[in-house]
Visitor: 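A single structure is presented below for examination.
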Number of protein chains: 2
Amino acid sequence: MKKYVSILKRTKLFSGVGDDDILSMLNCLNATVREYSKGEYVFCQGEYIRNLMILAAGRLHIQEEDYWGNLNILNEIRPGEMFGEAYIVPNSGPLMDDVIAVEESVVLFFDIERILTVCPSACPFHTRLVKNIFYTISDKNKSLVQKLSYMSQRTTREKLLSYLSDEAKRQNSSSFSISFNRQQLADYLSVDRSAMSNELCKLRDEGMLDFHKSEFTLSQAK
Amino acid sequence: MKKYVSILKRTKLFSGVGDDDILSMLNCLNATVREYSKGEYVFCQGEYIRNLMILAAGRLHIQEEDYWGNLNILNEIRPGEMFGEAYIVPNSGPLMDDVIAVEESVVLFFDIERILTVCPSACPFHTRLVKNIFYTISDKNKSLVQKLSYMSQRTTREKLLSYLSDEAKRQNSSSFSISFNRQQLADYLSVDRSAMSNELCKLRDEGMLDFHKSEFTLSQAK
DNA sequence: ACAGGTCTGTTGTTTATCCAACAGAAAGGA
DNA sequence: TCCTTTCTGTTGGATAAACAACAGACCTGT
(Lines give C-alpha, C1' and ligand atoms only; values in the text may rest on other atoms or scores of the structure.)
Protein backbone atom coordinates (compact mmCIF):
# COMPACT_ATOMS: atom_id res chain seq x y z
CA MET A 1 0.00 0.00 0.00
CA LYS A 2 2.98 2.20 0.67
CA LYS A 3 3.86 2.52 -2.98
CA TYR A 4 0.61 4.32 -3.74
CA VAL A 5 1.28 7.13 -1.31
CA SER A 6 3.31 9.08 -3.85
CA ILE A 7 0.40 8.82 -6.26
CA LEU A 8 -2.21 9.69 -3.68
CA LYS A 9 -0.43 12.77 -2.37
CA ARG A 10 -0.94 14.36 -5.76
CA THR A 11 -4.68 13.66 -5.89
CA LYS A 12 -7.29 16.21 -4.96
CA LEU A 13 -8.58 13.86 -2.31
CA PHE A 14 -5.39 13.85 -0.28
CA SER A 15 -4.12 17.30 -1.13
CA GLY A 16 -2.60 18.91 1.94
CA VAL A 17 -2.09 15.63 3.76
CA GLY A 18 1.41 14.45 4.62
CA ASP A 19 2.86 11.09 3.54
CA ASP A 20 2.69 9.47 6.96
CA ASP A 21 -0.82 10.71 7.50
CA ILE A 22 -1.93 9.30 4.16
CA LEU A 23 -0.59 5.93 5.15
CA SER A 24 -2.44 5.94 8.46
CA MET A 25 -5.58 7.17 6.75
CA LEU A 26 -5.46 4.30 4.28
CA ASN A 27 -5.74 2.00 7.26
CA CYS A 28 -8.40 4.15 8.85
CA LEU A 29 -10.45 4.05 5.66
CA ASN A 30 -9.98 0.33 5.15
CA ALA A 31 -8.40 0.86 1.75
CA THR A 32 -7.84 -2.05 -0.61
CA VAL A 33 -6.20 -2.14 -4.01
CA ARG A 34 -6.68 -4.14 -7.19
CA GLU A 35 -5.10 -4.14 -10.61
CA TYR A 36 -6.98 -4.53 -13.88
CA SER A 37 -5.68 -5.44 -17.28
CA LYS A 38 -6.69 -3.67 -20.46
CA GLY A 39 -10.29 -4.41 -21.39
CA GLU A 40 -11.19 -5.82 -17.99
CA TYR A 41 -14.38 -4.72 -16.26
CA VAL A 42 -14.04 -2.95 -12.92
CA PHE A 43 -17.80 -2.94 -12.41
CA CYS A 44 -20.71 -4.18 -14.45
CA GLN A 45 -24.15 -2.70 -14.78
CA GLY A 46 -26.41 -4.08 -12.04
CA GLU A 47 -23.77 -4.36 -9.33
CA TYR A 48 -24.16 -2.67 -5.97
CA ILE A 49 -21.37 -0.37 -4.89
CA ARG A 50 -20.47 0.42 -1.30
CA ASN A 51 -17.09 1.99 -1.94
CA LEU A 52 -15.50 5.12 -3.15
CA MET A 53 -12.73 4.49 -5.67
CA ILE A 54 -9.63 6.32 -6.81
CA LEU A 55 -7.84 5.45 -10.01
CA ALA A 56 -4.17 5.25 -9.08
CA ALA A 57 -2.93 4.48 -12.58
CA GLY A 58 -4.24 3.73 -16.04
CA ARG A 59 -7.49 4.88 -17.60
CA LEU A 60 -11.12 3.92 -17.16
CA HIS A 61 -14.25 4.53 -19.14
CA ILE A 62 -17.70 4.84 -17.63
CA GLN A 63 -19.89 3.56 -20.40
CA GLU A 64 -23.22 2.00 -21.22
CA GLU A 65 -24.24 -0.31 -23.98
CA ASP A 66 -27.86 -0.59 -25.10
CA TYR A 67 -29.84 -3.50 -26.53
CA TRP A 68 -28.61 -2.81 -30.02
CA GLY A 69 -24.97 -2.62 -29.05
CA ASN A 70 -24.60 1.14 -29.31
CA LEU A 71 -21.84 2.23 -27.00
CA ASN A 72 -21.89 5.47 -25.07
CA ILE A 73 -18.87 6.66 -23.16
CA LEU A 74 -20.32 8.71 -20.33
CA ASN A 75 -17.06 9.71 -18.77
CA GLU A 76 -13.36 9.06 -18.78
CA ILE A 77 -11.49 8.58 -15.50
CA ARG A 78 -7.86 9.67 -15.41
CA PRO A 79 -5.21 8.85 -12.79
CA GLY A 80 -5.87 10.54 -9.46
CA GLU A 81 -9.57 10.91 -10.17
CA MET A 82 -12.31 9.57 -7.97
CA PHE A 83 -15.33 7.62 -9.14
CA GLY A 84 -18.36 5.82 -7.76
CA GLU A 85 -19.42 8.85 -5.74
CA ALA A 86 -22.90 8.77 -7.30
CA TYR A 87 -23.64 5.50 -5.55
CA ILE A 88 -22.57 6.22 -2.00
CA VAL A 89 -26.10 7.22 -1.05
CA PRO A 90 -27.85 4.41 0.88
CA ASN A 91 -30.42 2.62 -1.26
CA SER A 92 -29.22 4.34 -4.41
CA GLY A 93 -29.87 1.16 -6.36
CA PRO A 94 -27.67 -0.85 -8.68
CA LEU A 95 -25.03 0.57 -11.00
CA MET A 96 -26.53 1.82 -14.24
CA ASP A 97 -23.40 1.51 -16.36
CA ASP A 98 -20.18 -0.35 -16.90
CA VAL A 99 -16.75 0.69 -15.70
CA ILE A 100 -14.01 -0.70 -17.90
CA ALA A 101 -10.25 -0.39 -17.90
CA VAL A 102 -9.08 0.85 -21.29
CA GLU A 103 -5.48 0.54 -20.16
CA GLU A 104 -3.70 -1.48 -17.52
CA SER A 105 -5.07 0.16 -14.38
CA VAL A 106 -4.76 0.26 -10.61
CA VAL A 107 -7.82 1.03 -8.50
CA LEU A 108 -7.99 1.89 -4.80
CA PHE A 109 -11.18 1.09 -2.88
CA PHE A 110 -12.27 3.01 0.22
CA ASP A 111 -14.98 2.08 2.66
CA ILE A 112 -17.47 4.90 2.28
CA GLU A 113 -19.02 4.41 5.72
CA ARG A 114 -15.71 4.98 7.42
CA ILE A 115 -15.25 8.27 5.66
CA LEU A 116 -18.56 9.70 6.77
CA THR A 117 -19.32 8.09 10.11
CA VAL A 118 -16.05 7.90 12.01
CA CYS A 119 -15.80 10.84 14.37
CA PRO A 120 -13.60 13.43 12.65
CA SER A 121 -11.87 14.33 15.88
CA ALA A 122 -10.39 10.85 16.12
CA CYS A 123 -8.23 11.42 13.07
CA PRO A 124 -6.69 14.87 12.67
CA PHE A 125 -6.87 14.83 8.89
CA HIS A 126 -10.36 13.47 8.65
CA THR A 127 -11.92 16.91 8.45
CA ARG A 128 -9.49 17.77 5.72
CA LEU A 129 -10.41 14.61 3.85
CA VAL A 130 -14.13 15.30 4.08
CA LYS A 131 -13.53 18.76 2.71
CA ASN A 132 -11.42 17.34 -0.09
CA ILE A 133 -13.97 14.75 -1.06
CA PHE A 134 -16.52 17.47 -1.01
CA TYR A 135 -14.53 19.56 -3.41
CA THR A 136 -13.83 16.58 -5.59
CA ILE A 137 -17.46 15.59 -5.96
CA SER A 138 -18.35 19.18 -6.55
CA ASP A 139 -15.69 19.34 -9.21
CA LYS A 140 -16.92 16.22 -10.91
CA ASN A 141 -20.35 17.71 -10.84
CA LYS A 142 -18.99 20.64 -12.73
CA SER A 143 -17.32 18.46 -15.31
CA LEU A 144 -20.56 16.58 -15.84
CA VAL A 145 -22.30 19.85 -16.49
CA GLN A 146 -19.50 20.69 -18.87
CA LYS A 147 -20.05 17.50 -20.77
CA LEU A 148 -23.76 18.23 -20.83
CA SER A 149 -22.96 21.49 -22.54
CA TYR A 150 -21.01 19.69 -25.27
CA MET A 151 -23.82 17.24 -25.73
CA SER A 152 -26.46 19.91 -25.86
CA GLN A 153 -24.87 21.37 -28.96
CA ARG A 154 -26.99 20.47 -31.93
CA THR A 155 -24.44 19.72 -34.63
CA THR A 156 -21.36 17.53 -34.71
CA ARG A 157 -19.31 20.58 -35.61
CA GLU A 158 -20.51 22.53 -32.58
CA LYS A 159 -19.95 19.56 -30.31
CA LEU A 160 -16.40 19.20 -31.58
CA LEU A 161 -15.63 22.89 -31.22
CA SER A 162 -17.01 23.16 -27.70
CA TYR A 163 -15.17 20.02 -26.62
CA LEU A 164 -11.88 20.99 -28.21
CA SER A 165 -11.94 24.57 -26.99
CA ASP A 166 -12.70 23.37 -23.48
CA GLU A 167 -9.86 20.89 -23.70
CA ALA A 168 -7.51 23.63 -24.86
CA LYS A 169 -8.61 25.70 -21.88
CA ARG A 170 -8.14 22.77 -19.54
CA GLN A 171 -4.64 22.00 -20.82
CA ASN A 172 -3.90 25.70 -20.96
CA SER A 173 -2.59 25.66 -24.51
CA SER A 174 -3.95 25.91 -28.01
CA SER A 175 -1.89 22.82 -28.81
CA PHE A 176 -2.83 19.75 -26.88
CA SER A 177 -3.36 16.04 -27.20
CA ILE A 178 -6.42 14.05 -26.30
CA SER A 179 -6.51 10.50 -25.02
CA PHE A 180 -9.47 9.45 -27.15
CA ASN A 181 -9.06 7.87 -30.53
CA ARG A 182 -11.60 8.84 -33.18
CA GLN A 183 -14.11 6.14 -32.34
CA GLN A 184 -13.91 6.91 -28.63
CA LEU A 185 -14.28 10.63 -29.21
CA ALA A 186 -17.33 9.94 -31.34
CA ASP A 187 -18.80 7.74 -28.60
CA TYR A 188 -18.00 10.40 -26.03
CA LEU A 189 -19.76 13.10 -28.02
CA SER A 190 -22.51 10.72 -29.13
CA VAL A 191 -22.03 11.24 -32.83
CA ASP A 192 -21.16 9.10 -35.82
CA ARG A 193 -17.46 8.47 -36.22
CA SER A 194 -17.27 8.96 -39.98
CA ALA A 195 -19.38 12.09 -39.88
CA MET A 196 -17.17 13.44 -37.11
CA SER A 197 -14.03 12.55 -38.99
CA ASN A 198 -15.43 14.34 -41.98
CA GLU A 199 -16.27 17.40 -39.93
CA LEU A 200 -12.79 17.47 -38.41
CA CYS A 201 -11.26 17.56 -41.86
CA LYS A 202 -13.62 20.33 -42.95
CA LEU A 203 -12.61 22.35 -39.91
CA ARG A 204 -8.98 21.76 -40.82
CA ASP A 205 -9.56 22.78 -44.44
CA GLU A 206 -11.27 25.94 -43.23
CA GLY A 207 -8.23 26.74 -41.10
CA MET A 208 -10.04 26.55 -37.78
CA LEU A 209 -7.67 23.93 -36.43
CA ASP A 210 -5.00 21.43 -37.28
CA PHE A 211 -4.30 17.92 -36.10
CA HIS A 212 -2.04 14.94 -36.48
CA LYS A 213 -3.34 11.78 -34.91
CA SER A 214 -4.52 12.89 -31.48
CA GLU A 215 -2.53 16.11 -31.40
CA PHE A 216 -4.71 19.13 -31.95
CA THR A 217 -3.93 22.79 -32.49
CA LEU A 218 -6.67 25.38 -32.50
CA SER A 219 -6.18 28.46 -34.65
CA GLN A 220 -6.42 31.88 -33.10
CA ALA A 221 -7.94 33.39 -36.22
CA LYS A 222 -11.61 32.73 -36.64
CA MET B 1 -36.80 32.32 9.03
CA LYS B 2 -38.98 30.18 11.25
CA LYS B 3 -41.59 29.67 8.56
CA TYR B 4 -39.12 27.79 6.37
CA VAL B 5 -38.41 25.13 8.96
CA SER B 6 -41.42 23.05 7.91
CA ILE B 7 -40.13 23.12 4.34
CA LEU B 8 -36.54 22.41 5.28
CA LYS B 9 -37.35 19.43 7.49
CA ARG B 10 -38.60 17.64 4.42
CA THR B 11 -35.46 18.29 2.37
CA LYS B 12 -32.69 15.77 1.97
CA LEU B 13 -30.30 18.27 3.46
CA PHE B 14 -31.99 18.43 6.83
CA SER B 15 -33.45 14.95 6.94
CA GLY B 16 -33.18 13.54 10.43
CA VAL B 17 -32.76 16.92 12.10
CA GLY B 18 -35.36 18.19 14.56
CA ASP B 19 -37.23 21.51 14.17
CA ASP B 20 -35.39 23.31 16.95
CA ASP B 21 -32.06 22.08 15.69
CA ILE B 22 -32.82 23.27 12.17
CA LEU B 23 -33.54 26.71 13.50
CA SER B 24 -30.29 26.87 15.41
CA MET B 25 -28.42 25.50 12.41
CA LEU B 26 -29.83 28.21 10.19
CA ASN B 27 -28.12 30.69 12.47
CA CYS B 28 -24.99 28.61 12.61
CA LEU B 29 -24.85 28.50 8.82
CA ASN B 30 -25.59 32.19 8.41
CA ALA B 31 -28.67 31.48 6.31
CA THR B 32 -30.43 34.24 4.40
CA VAL B 33 -33.55 34.14 2.31
CA ARG B 34 -34.80 35.92 -0.80
CA GLU B 35 -37.89 35.73 -2.96
CA TYR B 36 -37.91 35.90 -6.74
CA SER B 37 -40.76 36.63 -9.07
CA LYS B 38 -41.43 34.65 -12.22
CA GLY B 39 -38.81 35.31 -14.89
CA GLU B 40 -36.36 36.91 -12.48
CA TYR B 41 -32.71 35.88 -12.54
CA VAL B 42 -31.28 34.32 -9.39
CA PHE B 43 -27.78 34.30 -10.84
CA CYS B 44 -26.32 35.37 -14.15
CA GLN B 45 -23.47 33.85 -16.08
CA GLY B 46 -20.17 35.38 -14.94
CA GLU B 47 -21.09 35.86 -11.27
CA TYR B 48 -19.02 34.36 -8.49
CA ILE B 49 -20.85 32.16 -6.02
CA ARG B 50 -19.79 31.59 -2.42
CA ASN B 51 -23.01 30.04 -1.17
CA LEU B 52 -24.92 26.86 -1.24
CA MET B 53 -28.60 27.35 -2.05
CA ILE B 54 -31.80 25.48 -1.36
CA LEU B 55 -34.97 26.17 -3.27
CA ALA B 56 -37.70 26.46 -0.61
CA ALA B 57 -40.56 27.03 -3.06
CA GLY B 58 -41.16 27.56 -6.76
CA ARG B 59 -39.13 26.27 -9.66
CA LEU B 60 -35.78 27.23 -11.18
CA HIS B 61 -34.05 26.45 -14.43
CA ILE B 62 -30.31 26.22 -14.83
CA GLN B 63 -29.83 27.31 -18.40
CA GLU B 64 -27.40 28.75 -20.86
CA GLU B 65 -27.91 30.88 -23.89
CA ASP B 66 -25.32 31.04 -26.67
CA TYR B 67 -24.33 33.83 -29.04
CA TRP B 68 -27.12 33.00 -31.42
CA GLY B 69 -29.81 32.90 -28.76
CA ASN B 70 -30.20 29.13 -28.58
CA LEU B 71 -31.44 28.21 -25.15
CA ASN B 72 -30.35 25.08 -23.33
CA ILE B 73 -32.01 24.05 -20.10
CA LEU B 74 -29.30 22.16 -18.27
CA ASN B 75 -31.32 21.29 -15.22
CA GLU B 76 -34.55 21.97 -13.40
CA ILE B 77 -34.52 22.67 -9.67
CA ARG B 78 -37.59 21.63 -7.70
CA PRO B 79 -38.57 22.63 -4.15
CA GLY B 80 -36.31 21.14 -1.51
CA GLU B 81 -33.46 20.70 -3.97
CA MET B 82 -30.02 22.14 -3.54
CA PHE B 83 -28.04 24.00 -6.18
CA GLY B 84 -24.77 25.85 -6.63
CA GLU B 85 -22.77 22.93 -5.26
CA ALA B 86 -20.55 22.88 -8.34
CA TYR B 87 -19.08 26.23 -7.39
CA ILE B 88 -18.18 25.70 -3.75
CA VAL B 89 -14.64 24.74 -4.66
CA PRO B 90 -12.23 27.61 -4.06
CA ASN B 91 -11.13 29.27 -7.29
CA SER B 92 -13.73 27.39 -9.29
CA GLY B 93 -14.22 30.42 -11.48
CA PRO B 94 -17.33 32.33 -12.48
CA LEU B 95 -20.74 30.80 -13.06
CA MET B 96 -21.04 29.34 -16.53
CA ASP B 97 -24.82 29.54 -16.81
CA ASP B 98 -27.92 31.42 -15.75
CA VAL B 99 -30.26 30.48 -12.94
CA ILE B 100 -33.75 31.77 -13.54
CA ALA B 101 -37.02 31.49 -11.61
CA VAL B 102 -39.68 30.06 -13.89
CA GLU B 103 -42.24 30.45 -11.12
CA GLU B 104 -42.50 32.66 -8.05
CA SER B 105 -39.69 31.20 -5.95
CA VAL B 106 -38.07 31.33 -2.53
CA VAL B 107 -34.35 30.67 -2.21
CA LEU B 108 -32.31 30.05 0.95
CA PHE B 109 -28.61 30.93 0.94
CA PHE B 110 -26.05 29.21 3.17
CA ASP B 111 -22.52 30.23 3.85
CA ILE B 112 -20.48 27.38 2.42
CA GLU B 113 -17.41 28.07 4.55
CA ARG B 114 -19.41 27.64 7.72
CA ILE B 115 -20.62 24.26 6.63
CA LEU B 116 -17.17 22.86 5.99
CA THR B 117 -14.87 24.65 8.41
CA VAL B 118 -16.78 24.94 11.67
CA CYS B 119 -15.70 22.16 13.99
CA PRO B 120 -18.37 19.47 13.79
CA SER B 121 -18.22 18.82 17.50
CA ALA B 122 -19.43 22.33 18.24
CA CYS B 123 -22.82 21.61 16.72
CA PRO B 124 -24.27 18.16 17.35
CA PHE B 125 -26.04 17.98 14.01
CA HIS B 126 -23.21 19.29 11.95
CA THR B 127 -21.90 15.83 11.18
CA ARG B 128 -25.36 14.85 10.12
CA LEU B 129 -25.58 17.88 7.87
CA VAL B 130 -22.25 17.15 6.22
CA LYS B 131 -23.40 13.62 5.54
CA ASN B 132 -26.66 14.90 4.11
CA ILE B 133 -25.00 17.40 1.84
CA PHE B 134 -22.73 14.65 0.75
CA TYR B 135 -25.63 12.45 -0.19
CA THR B 136 -27.38 15.30 -1.89
CA ILE B 137 -24.45 16.21 -4.11
CA SER B 138 -23.93 12.59 -4.84
CA ASP B 139 -27.57 12.30 -5.81
CA LYS B 140 -27.40 15.30 -8.06
CA ASN B 141 -24.37 13.75 -9.64
CA LYS B 142 -26.45 10.73 -10.42
CA SER B 143 -29.22 12.77 -11.95
CA LEU B 144 -26.70 14.57 -14.15
CA VAL B 145 -25.46 11.23 -15.39
CA GLN B 146 -29.06 10.29 -16.00
CA LYS B 147 -29.58 13.36 -18.10
CA LEU B 148 -26.39 12.56 -19.95
CA SER B 149 -27.87 9.22 -20.86
CA TYR B 150 -30.96 10.89 -22.35
CA MET B 151 -28.79 13.26 -24.28
CA SER B 152 -26.52 10.57 -25.57
CA GLN B 153 -29.42 8.95 -27.38
CA ARG B 154 -29.05 9.65 -31.08
CA THR B 155 -32.62 10.29 -32.19
CA THR B 156 -35.37 12.51 -30.85
CA ARG B 157 -37.55 9.45 -30.43
CA GLU B 158 -34.98 7.66 -28.29
CA LYS B 159 -34.38 10.76 -26.20
CA LEU B 160 -38.09 11.08 -25.55
CA LEU B 161 -38.52 7.43 -24.66
CA SER B 162 -35.57 7.33 -22.30
CA TYR B 163 -36.67 10.54 -20.59
CA LEU B 164 -40.30 9.52 -20.28
CA SER B 165 -39.58 6.01 -19.08
CA ASP B 166 -37.20 7.38 -16.47
CA GLU B 167 -39.81 9.88 -15.38
CA ALA B 168 -42.39 7.09 -15.07
CA LYS B 169 -39.91 5.19 -12.94
CA ARG B 170 -39.22 8.24 -10.81
CA GLN B 171 -42.89 8.96 -10.20
CA ASN B 172 -43.53 5.27 -9.79
CA SER B 173 -46.44 5.13 -12.20
CA SER B 174 -46.98 4.68 -15.90
CA SER B 175 -49.23 7.74 -15.72
CA PHE B 176 -47.52 10.92 -14.67
CA SER B 177 -47.29 14.59 -15.40
CA ILE B 178 -44.20 16.60 -16.24
CA SER B 179 -43.53 20.21 -15.35
CA PHE B 180 -42.06 21.10 -18.72
CA ASN B 181 -44.10 22.48 -21.54
CA ARG B 182 -43.20 21.37 -25.04
CA GLN B 183 -40.66 24.08 -25.70
CA GLN B 184 -38.99 23.52 -22.35
CA LEU B 185 -38.88 19.77 -22.85
CA ALA B 186 -37.30 20.32 -26.26
CA ASP B 187 -34.70 22.64 -24.73
CA TYR B 188 -34.08 20.13 -21.98
CA LEU B 189 -33.50 17.31 -24.44
CA SER B 190 -31.70 19.60 -26.90
CA VAL B 191 -33.95 18.90 -29.85
CA ASP B 192 -36.21 20.91 -32.07
CA ARG B 193 -39.64 21.55 -30.61
CA SER B 194 -41.63 20.91 -33.76
CA ALA B 195 -39.73 17.76 -34.57
CA MET B 196 -40.25 16.56 -31.02
CA SER B 197 -43.93 17.38 -31.12
CA ASN B 198 -44.15 15.44 -34.34
CA GLU B 199 -42.35 12.48 -32.82
CA LEU B 200 -44.62 12.49 -29.77
CA CYS B 201 -47.66 12.25 -31.99
CA LYS B 202 -46.11 9.43 -33.98
CA LEU B 203 -45.46 7.55 -30.74
CA ARG B 204 -49.08 8.14 -29.74
CA ASP B 205 -50.35 6.93 -33.11
CA GLU B 206 -48.24 3.82 -32.76
CA GLY B 207 -49.80 3.14 -29.37
CA MET B 208 -46.57 3.49 -27.39
CA LEU B 209 -48.00 6.19 -25.16
CA ASP B 210 -50.80 8.69 -24.68
CA PHE B 211 -50.85 12.27 -23.48
CA HIS B 212 -53.05 15.22 -22.83
CA LYS B 213 -51.21 18.47 -22.25
CA SER B 214 -48.45 17.51 -19.84
CA GLU B 215 -50.09 14.31 -18.60
CA PHE B 216 -48.39 11.24 -20.04
CA THR B 217 -49.30 7.57 -19.94
CA LEU B 218 -46.89 4.96 -21.18
CA SER B 219 -48.34 1.79 -22.65
CA GLN B 220 -47.30 -1.54 -21.27
CA ALA B 221 -47.56 -3.28 -24.64
CA LYS B 222 -44.63 -2.69 -26.90
C1' DA C 1 10.18 -7.79 -43.63
C1' DC C 2 5.82 -9.52 -43.57
C1' DA C 3 0.98 -10.43 -42.39
C1' DG C 4 -2.99 -9.26 -39.75
C1' DG C 5 -5.42 -6.19 -37.44
C1' DT C 6 -6.84 -1.60 -36.19
C1' DC C 7 -7.45 3.21 -37.09
C1' DT C 8 -8.57 6.97 -40.04
C1' DG C 9 -10.25 9.46 -43.94
C1' DT C 10 -13.39 9.47 -47.89
C1' DT C 11 -17.57 8.89 -50.56
C1' DG C 12 -22.54 8.28 -51.85
C1' DT C 13 -27.13 7.10 -50.31
C1' DT C 14 -30.64 7.04 -47.01
C1' DT C 15 -32.80 9.03 -43.37
C1' DA C 16 -33.78 12.27 -39.73
C1' DT C 17 -33.36 16.68 -37.92
C1' DC C 18 -33.69 21.55 -38.24
C1' DC C 19 -36.05 25.60 -39.58
C1' DA C 20 -39.75 28.65 -40.90
C1' DA C 21 -44.26 29.37 -41.31
C1' DC C 22 -48.95 28.75 -40.19
C1' DA C 23 -53.48 27.47 -37.97
C1' DG C 24 -56.18 25.83 -34.33
C1' DA C 25 -56.44 25.23 -29.21
C1' DA C 26 -55.77 26.76 -24.79
C1' DA C 27 -54.91 30.12 -21.33
C1' DG C 28 -54.96 34.63 -19.24
C1' DG C 29 -56.34 39.43 -18.67
C1' DA C 30 -59.28 43.40 -19.26
C1' DT D 1 -67.32 37.98 -22.94
C1' DC D 2 -63.85 39.24 -26.13
C1' DC D 3 -59.23 40.01 -27.26
C1' DT D 4 -54.47 38.89 -26.95
C1' DT D 5 -50.87 35.91 -26.10
C1' DT D 6 -48.98 31.59 -25.58
C1' DC D 7 -48.84 26.85 -26.63
C1' DT D 8 -49.22 22.94 -29.63
C1' DG D 9 -49.57 20.30 -33.78
C1' DT D 10 -48.70 20.15 -38.75
C1' DT D 11 -46.44 20.68 -43.12
C1' DG D 12 -42.63 21.15 -46.76
C1' DG D 13 -38.07 22.34 -48.11
C1' DA D 14 -33.14 22.89 -46.79
C1' DT D 15 -29.64 20.80 -44.35
C1' DA D 16 -27.01 17.64 -41.71
C1' DA D 17 -26.25 13.27 -39.62
C1' DA D 18 -26.34 8.31 -39.85
C1' DC D 19 -25.00 4.35 -42.19
C1' DA D 20 -22.42 1.22 -45.09
C1' DA D 21 -18.61 0.32 -47.59
C1' DC D 22 -13.92 0.82 -48.87
C1' DA D 23 -8.87 2.07 -49.27
C1' DG D 24 -4.79 3.63 -47.45
C1' DA D 25 -2.02 4.56 -43.21
C1' DC D 26 -0.49 2.96 -39.14
C1' DC D 27 0.60 -0.50 -35.54
C1' DT D 28 1.89 -4.83 -33.60
C1' DG D 29 3.75 -9.19 -33.18
C1' DT D 30 6.08 -12.83 -35.41
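Side-chain atoms are counted along with the backbone in the values below, which use heavy atoms only and exclude waters and symmetry mates.
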Visitor: Mind checking ring pair (Phe, Tyr, Trp, His ring centres under 6.0 Å) for A:Phe216 and listing every partner two or more places apart, or none if nothing turns up?
Guide: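 Here the qualifying residues are A:Phe211.
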Visitor: Can you tell me which stems involve DNA chain D, if a stem is defined as three or more consecutive Watson-Crick or G-U wobble pairs, both distances under 3.5 Å?
Guide: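 Runs of three or more consecutive pairs: C:1-3 with D:28-30, C:5-30 with D:1-26.
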Visitor: For A:Glu215, enumerate each residue passing the side chain to side chain donor-acceptor pair (under 3.5 Å) test, keeping only those at least two apart in sequence or located in another chain.
Guide: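 Partners of A:Glu215 under the side chain to side chain donor-acceptor pair (under 3.5 Å) test: none.
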Visitor: Distance check needed: D:dC7 C1' versus B:Phe180 CZ, whole Å only.
Guide: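 Checked: the CZ to C1' distance equals 16 Å.
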Visitor: Please classify the nucleic acid contact of A:Gln184 as base, sugar-phosphate, or nothing, using heavy-atom distances under 4.0 Å.
Guide: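 Here A:Gln184 touches no strand at all.
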Visitor: Please tabulate, one pair per line, each protein N/O and nucleotide N/O from nucleotides 21-23 of chain C that are separated by under 3.5 Å, including the distance.
Guide:
none

Visitor: Is the phosphate of C:dT8 approached by A:Ser197 (side-chain N or O, under 4.0 Å from OP1 or OP2)?
Guide: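 For A:Ser197, the contact criterion (side-chain N or O under 4.0 Å from OP1 or OP2 of C:dT8) is not met.
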Visitor: I would like to know whether A:Gln146 and A:Asp166 meet side chain to side chain donor-acceptor pair (under 3.5 Å); could you show each step before the answer?
Guide: CA-CA 9 Å; A:Gln146 218 159 11; A:Asp166 255 27; 2.9 Å; yes
Visitor: Nearest whole angstrom, please: distance from the P of D:dT8 to the CG of B:Leu203.
Guide: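 That distance rounds to 17 Å.
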Visitor: Please list, chain by chain and in numerical order, all residues satisfying side chain to side chain donor-acceptor pair (under 3.5 Å) with A:Lys142, sequence neighbours excluded.
Guide: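 A:Lys142: no side chain to side chain donor-acceptor pair (under 3.5 Å) contacts found.
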Visitor: When the side chains of residues 193-203 of chain B are checked against the rest of the protein, which donor-acceptor pairs come out under 3.5 Å, sequence neighbours left out?
Guide:
residue, atom, partner, partner atom, Å
B:Ser194, OG, B:Asp192, OD2, 2.5
B:Glu199, OE2, B:Arg157, NE, 3.1

Visitor: Are B:Arg157 and C:dA16 close enough that a side-chain N or O sits under 4.0 Å from OP1 or OP2?
Guide: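 Negative; the distance criterion is not met.
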Visitor: Fit a plane to each ring of A:Tyr36 and A:Phe109, take the angle between them on a 0 to 90° scale, and name the class: parallel (under 30°), tilted (30 to 60°) or perpendicular (over 60°).
Guide: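 Rings of A:Tyr36 and A:Phe109: tilted, as their planes differ by 30° to 60°.
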Visitor: Using the test side chain to side chain donor-acceptor pair (under 3.5 Å), find all partners of B:Ser149 that sit at least two apart in sequence or belong to another chain.
Guide: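 Expected list: none.
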Visitor: Using whole Å, report how far CG of B:Asn198 lies from P of D:dT11.
Guide: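 It is 8 Å, rounded to the nearest whole Å.
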Visitor: Which atom pairs link the protein and nucleotides 24-30 of chain D when you take only N or O atoms and keep those under 3.5 Å?
Guide:
residue, atom, partner, partner atom, Å
D:dC27, OP1, A:Lys213, NZ, 3.0

Visitor: Could you list all the side chain to side chain donor-acceptor pair (under 3.5 Å) pairs where at least one residue sits in residues 89-100 of chain A, not counting sequence neighbours?
Guide: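 Checked against side chain to side chain donor-acceptor pair (under 3.5 Å) - neighbours excluded - no pair reaches residues 89-100 of chain A.
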Visitor: Going by side chain to side chain donor-acceptor pair (under 3.5 Å), name the residues that satisfy it together with A:Gln171, two or more places apart in sequence or in a different chain.
Guide: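 Only A:Glu167 meet the side chain to side chain donor-acceptor pair (under 3.5 Å) criterion with A:Gln171.
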Visitor: Among the candidates D:dA17, D:dT8, C:dC19, find the nucleotide nearest to the side-chain atoms of B:Asp192.
Guide: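 Out of D:dA17, D:dT8, C:dC19, the nucleotide with an atom closest to B:Asp192's side chain is C:dC19.
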Visitor: Of the candidate nucleotides C:dT10, C:dC18, D:dT8, which contains the atom at the shortest distance from the side chain of B:Val191?
Guide: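 That would be C:dC18.
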Visitor: Looking at A:Asn75, A:Leu74, A:Ile73, A:Asp187, which hits side chain to side chain contact (heavy atoms under 4.5 Å, CB included) with A:His61?
Guide: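 Of the listed residues A:Asn75, A:Leu74, A:Ile73, A:Asp187, the side chain to side chain contact (heavy atoms under 4.5 Å, CB included) partner of A:His61 is A:Ile73.
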Visitor: Verify the contact: side-chain N or O of B:Asn181 to OP1 or OP2 of D:dC7, cut-off strictly under 4.0 Å; return yes or no.
Guide: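 So the side-chain polar atoms of B:Asn181 do come within 4.0 Å of the phosphate oxygens OP1 or OP2 of D:dC7, strictly under.
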Visitor: Quick one: ring pair (Phe, Tyr, Trp, His ring centres under 6.0 Å) partners of A:Tyr163, sequence neighbours excluded?
Guide: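 For A:Tyr163 the ring pair (Phe, Tyr, Trp, His ring centres under 6.0 Å) partners, ignoring immediate neighbours, are A:Tyr150, A:Tyr188.
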Visitor: Please list, chain by chain and in numerical order, all residues satisfying ring pair (Phe, Tyr, Trp, His ring centres under 6.0 Å) with B:Phe176, sequence neighbours excluded.
Guide: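 Ring pair (Phe, Tyr, Trp, His ring centres under 6.0 Å) check on B:Phe176 returns nothing, list empty.
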Visitor: Where the side chain of B:Thr155 is defined as all heavy atoms beyond and including C-beta, which of C:dA16, C:dC18, D:dG9 is the nearest nucleotide?
Guide: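 Side chain of B:Thr155 sits closest to C:dA16.
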Visitor: Nearest-Å distance, CG (A:Leu161) to C1' (D:dA16)?
Guide: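 Checked: the CG to C1' distance equals 15 Å.
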Visitor: In whole Å, I'd like the distance from the CD1 atom of B:Ile178 to the C1' atom of D:dT8.
Guide: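 My rounded result for the distance is 13 Å.
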Visitor: Can you tell me how far P of C:dT15 sits from CZ of B:Arg154, to the nearest Å?
Guide: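 The answer, rounded to whole Å, is 18 Å.
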Visitor: Check the distance between D:dT8's P and B:His212's NE2 and give it to me in whole angstrom.
Guide: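 Spelled out: NE2 on B:His212 to P on D:dT8 is 15 Å.
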Visitor: Roughly how many Å is it from CD in B:Glu199 to P in D:dT8, rounded to a whole number?
Guide: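 Whole-Å distance recorded here is 17 Å.
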